[in-house]
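Heads up, the thing below is written out as structure tokens.
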Number of protein chains: 2
Amino acid sequence: MSEHSTKDSHDLQLLENQLCFPLYAASRLMTRAYQPLLARFQLTYPQYIILLILWEDAPCPIGHIGARAILETNTLSPLLKTLEKQGWITRTRSVVDERVVMVDLTDKGHAMKQECACIPQELYEQTDSNAEDLATVKAMLNQLVTQLQETM
Amino acid sequence: MSEHSTKDSHDLQLLENQLCFPLYAASRLMTRAYQPLLARFQLTYPQYIILLILWEDAPCPIGHIGARAILETNTLSPLLKTLEKQGWITRTRSVVDERVVMVDLTDKGHAMKQECACIPQELYEQTDSNAEDLATVKAMLNQLVTQLQETM
DNA sequence: AGAGATAGTATCGAGCGCGATATAAATCAA
DNA sequence: TTGATTTATATCGCGCTCGATACTATCTCT
């Protein structure tokens, strides 16, 4: 409480007292951790996220992918174009509503699901946190995501 | 457990069962939340992170900023060049070791600390999580950051 | 002192993320 | 039905992030 104190756990302007920084750092480090596992498939991390969604929901419109990934079309359009060019997906304009572009997996895209099945396990082995802690963080982050989405 | 189940809480390949996605989403949403608060100062979120570090540690070498922000010089160099151009900081080659560039705050940069003091509070008011939960997430993320840094 | 190794910073290229804007199709209102 | 609004997607430009590489300064070893 002294004014000469160099560390104040209540000073919100200190980096270590902010939630935003570990969020920012952990997200980048997580992306780095995935990168070597994805490189053998020539996939980037955002591309992998899109495939995760498609393995659950394909075929589906671009808007649906955007809603799940929390990404706008200005990010998704070039991303999907690349995935199509590399043979993972197809993009087809809907005939019932020509504004909609339906995205589906190619055979190669479907097959990749099995190839990538080992990745989550491989990655969790790099963090020696126990499963409970990771589940707690995950649940709390999901709640935070929901709140931040509501206020925007 | 049925093979016909559409939701399996143990299937690590589902987006909702992965830690990486809420981390990725929360980090981007947090950046979006900061953006309107920083826009009035013409600051981006990464630039704000650098200033947070400098308000604690300036003057200091670029390498020190990189170590705290977990950013390499390929990211920091252009970022710091922009901050210098906009008058927040100065960059000076050390005379005792000419490899080192010392970064310091300008008067404008120092003054900005008071201007930005309200930002953390303004932001926390946007999340209606209780303080304990946020502190728990923060602590767990810091632990995750440490672990991910060690394994890389 | 000289040669090789190491350290600190900068540059380049590619992909991501997003605000702003555009375009075409579908819907709604009068 | 026409005109206005909304919806779904795409394009553009800028800043961030990072792997690969380069450059200079310092250090180490002989």
Under 4.0 angstrom, heavy atoms only, what part of the nucleic acid is A:Glu98 near: base, sugar-phosphate, or nothing? sugar-phosphate

Would you say a side-chain N or O of B:Gln35 is under 4.0 Å from OP1 or OP2 of C:dG19? yes

To the side chain of B:Arg32, which of D:dT9, D:dC16, C:dG19 is closest? C:dG19

Has the side chain of A:Trp55 got a donor or acceptor atom that lies under 3.5 Å from a matching backbone atom of B:Leu14? no

Comparing A:Leu29 with A:Ser77, nearest DNA chain D nucleotide closer to 5' gives the residue A:Ser77

For D:dC16, does OP1 or OP2 lie under 4.0 Å from any side-chain N or O of B:Gln47? yes

Could you please name the option among C:dA10, D:dT6, C:dG8 that lies closest to any side-chain atom of A:Arg99? D:dT6

Give a yes or no answer on whether the side chain of B:Arg91 reaches the backbone of B:Met102 with a donor-acceptor pair at less than 3.5 Å. no

Do the side chain of A:Thr73 and the base of D:dA8 come within less than 3.5 angstrom through a donor-acceptor pair of N or O atoms? no

Side-chain N,O (A:Tyr24) to OP1/OP2 (D:dT17) below 4.0 Å: yes

When we call it a touch if two heavy atoms are under 4.0 Å apart, what does A:Leu76 touch: a base, just sugar-phosphate, or nothing? nothing

Main-chain N/O of B:Gln86 paired to B:Lys108 side chain as donor or acceptor, under 3.5 Å: yes

D:dT17 OP1/OP2 closer than 4.0 Å to side-chain N/O of B:Thr75: no

Quick note, A:Leu71 side chain, CB onward, closest among D:dC16, C:dG17, C:dA25 is C:dG17

For C:dT9 and B:Lys81 - does any side-chain N or O of the residue sit under 4.0 Å from the phosphate oxygens OP1/OP2? no

For D:dC16, take OP1 and OP2 only and decide whether either is under 4.0 Å from a side-chain N or O of B:Thr44. yes

Which nucleotide wins on minimum distance to the side chain of B:Ile62, given the candidates D:dC18, C:dG17, C:dA10? C:dA10

Can you check whether A:Arg91 has a side-chain N or O nearer than 4.0 Å to OP1 or OP2 of D:dA10? yes

Would you say B:Thr136's side chain and B:Glu132's backbone share a donor-acceptor pair under 3.5 angstrom? yes

I want to confirm an ordering. Mapping A:Val96 and A:Glu72 to their closest nucleotides on DNA chain C, which one lands closer to the 5' end? A:Glu72

Backbone of A:Leu79 reached by a side-chain donor or acceptor of A:Gln47 within 3.5 Å: no

Donor-acceptor pair under 3.5 Å, A:Asn74 side chain vs C:dG17 base: no

